[in-house]
Amino acid sequence: MTATPQQPSEGTNNRHPCPPVLARVTRTLAGAGVDAPRVEAELLAAHVLGVPRGRLLLVDGLTDDQLDRLAGLVTRRAAREPLQHLTGTAGFRHLELAVGPGVFVPRPETELLAGWGIDRARRSVEPLVVDLCSGSGAVALAVAQEVPTARVVAVERSAAALVWLRRNATDRAAAGDRPIEVVEADVTAPGLLDELAGRVDVLLCNPPYVPAGTAVPPEVAGHDPAEAVFGGADGLAVVRPVVARAARLLRPGGALAVEHDDTHGRAVPDLITADGRFEAVTGHADLAGRPRFTTALRRPDDASGPAWQTGSS
């Protein structure tokens, strides 16, 4: 990595101006195939300097020690270790979450699902919200922060992910957000949360949904837990029982949102419709225009016949 000093002096405290350092780091990351290499170069430098990215050009430069530390991080990023593992955090809506090995790094597209759920939860005075396949807790904690009257239950089975989920839940409660309830369980287990049957206002889920055998980026293949990424041969192995569980847990009129693969733009709406207990089934696109999540409302128990629509609203 070419960000190291040209002629380092042992024990010196030389300052290396940010612009040429960032240019060299950007070239290194671009050569490694990293998306948005300039942005990531700035984020790594800001992390090393302990300043917001927007203040990079206001600092005097990097010391020799800081430059060495940056060089090490750039080498790891060029090997396609996730940026969030290097900084130890992932931004999600208004949150900074702790992440690392063993937990799925939350993605920007999931902010859309969380935002939809937050809007629905705000329609109730004291909503009960369930987040299945919670992972780092991103969705659950975003709801708890932005809908402070909500009771939020987060369900996760992975022991490794639960470490991060509980850490983030503790941190957000200490920061003043309403505490969430963490449940260690498999979302496909019969009887899951039966004590809440017919009472849930909003159920959100970002399950493993990539079809087995699909090629994924090196950051995913080498670092995200496979059980949080792949959802069986067709990618729907977890989605199917989640839909059935949602139908049991949601109150009449309660809202469901499930994230899915971009190849599932018809499959997931059809699956939810076929259950027969939902209406207003709607497909939503991500910021790139790809099918990304599907929403629906729980029918009254005495409703008959499916009624559904697809769209991007």
Side-chain angles (χ1 to χ4, degrees), residues 92 104-120 130-136 138-140 142 155-158 161 186-189 192 200 202-217 219-221 224-250 254-299 306-313:
F92 189 85
F104 183 80
V105 174
R107 301 322 200 242
E109 53 264 31
T110 306
E111 295 185 19
L112 301 176
L113 176 137
W116 188 92
I118 287 165
D119 288 342
R120 294 295 310 190
V130 170
D131 173 33
L132 301 182
C133 304
S134 193
S136 66
V139 171
V155 180
E156 176 56 53
R157 77 171 187 178
S158 164
D186 188 328
V187 300
T188 68
L192 175 69
V200 176
V202 180
L203 189 145
L204 306 171
C205 183
N206 179 19
Y209 55 67
V210 178
T214 302
V216 294
E219 292 86 348
V220 177
D224 277 328
E227 67 175 329
V229 176
F230 298 102
D234 62 358
L236 300 173
V238 179
V239 175
R240 291 186 183 92
V242 161
V243 170
R245 180 55 30 184
R248 176 165 176 75
L249 294 179
L250 288 168
L256 165 68
V258 181
E259 187 168 319
H260 52 71
D261 194 65
D262 57 12
T263 63
H264 293 152
R266 293 294 302 180
V268 171
D270 287 351
L271 189 157
I272 294 174
T273 300
D275 177 272
R277 290 174 285 183
F278 293 95
E279 60 188 5
V281 181
T282 305
H284 301 256
D286 61 22
L287 296 176
R290 298 166 299 196
R292 185 53 62 199
F293 69 100
T294 298
T295 60
L297 302 180
R298 178 68 165 85
R299 286 175 172 276
W308 69 287
Q309 62 184 15
T310 58
S312 58
S313 60

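Being a predicted model, the structure only gives us computed values, none of them experimental.
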Checklist entry - Yes or no on salt bridge (charged side-chain N to carboxylate O under 4.0 Å, His left out) for Arg299 and Asp275, after CA distance, side-chain angles and deciding distance? => result CA-CA 11 Å; Arg299 286 175 172 276; Asp275 177 272; over 6 Å; no

Next on the checklist: Can you tell me how far apart CG (Leu204) and SG (Cys133) are? Round to the nearest 0.5 Å.
Outcome noted: 11.5 Å

Checklist entry - Is there a donor-acceptor pair under 3.5 Å between the side chain of Arg292 and the backbone N or O of His260? => result yes

Item to check | Min side-chain heavy-atom separation Glu109-Arg290 under 4.5 Å | outcome: no

Checklist entry - Quick one: are Arg107 and Val220 in side-chain contact, heavy atoms under 4.5 Å? => result yes

Next on the checklist: Working note: Leu256 + Arg298, criterion side chain to side chain contact (heavy atoms under 4.5 Å, CB included); need CA distance, chi angles, decisive distance, verdict.
Outcome noted: CA-CA 8 Å; Leu256 165 68; Arg298 178 68 165 85; over 6 Å; no

Checklist entry - Can you find a heavy atom in the side chain of Asp224 that is under 4.5 Å from one in the side chain of Val216? => result no

Checklist entry - Minimum heavy-atom separation for Ala142 to Phe92, with atom names? => result CB-CE2, 4.0 Å

Checklist outcome for this item: Closest non-hydrogen contact found for Phe104 with Ala228 is CB-CB, 3.9 Å

Checklist outcome for this item: Closest heavy-atom pair, Leu271 versus Leu236, reported as atoms and distance to 0.1 Å, is CD1-CD1, 4.3 Å

Next on the checklist: Looking at every non-hydrogen atom in both residues, tell me the closest pair between Trp116 and Ala255 and how far apart they are.
Outcome noted: CH2-CB, 3.5 Å

Checklist entry - So, do Val187 and Leu192 sit near enough that their side-chain heavy atoms are less than 4.5 Å apart? => result yes

Checklist entry - Should the pair Phe293 and His284 be assigned to parallel (<30°), tilted (30 to 60°) or perpendicular (>60°) ring geometry? => result parallel

Item to check | Side-chain heavy atoms of Pro108 within contact of Leu287, under 4.5 Å | outcome: no

Next on the checklist: Within the structure provided, determine whether Val258 and Thr294 are in side-chain contact (heavy-atom separation under 4.5 Å).
Outcome noted: no

Item to check | Whether His264 side chain and Asp234 backbone form a donor-acceptor pair below 3.5 Å | outcome: yes

Checklist entry - Considering all heavy atoms of both residues, which atom of Tyr209 and which atom of Asp261 are nearest to each other, and what is their separation? => result CD1-N, 3.1 Å

Checklist entry - Going from CG on Asp286 to CG on Leu112, what distance comes out if it is rounded to the nearest 0.5 angstrom? => result 7.0 Å

Next on the checklist: Looking at Gly135, is its backbone amide N or carbonyl O close enough to the side chain of Glu156 to form a donor-acceptor pair, meaning the two atoms are under 3.5 Å apart?
Outcome noted: yes

Item to check | From Leu203 atom CG to Leu249 atom CG, the distance as rounded to the nearest 0.5 Å | outcome: 6.0 Å

Checklist entry - Tell me, do Leu297 and Arg120 make a side-chain contact under 4.5 Å, heavy atoms counted? => result yes

Item to check | Heavy-atom pair with the smallest gap, counting every atom of Thr214 and Val210 | outcome: CB-CG1, 3.5 Å

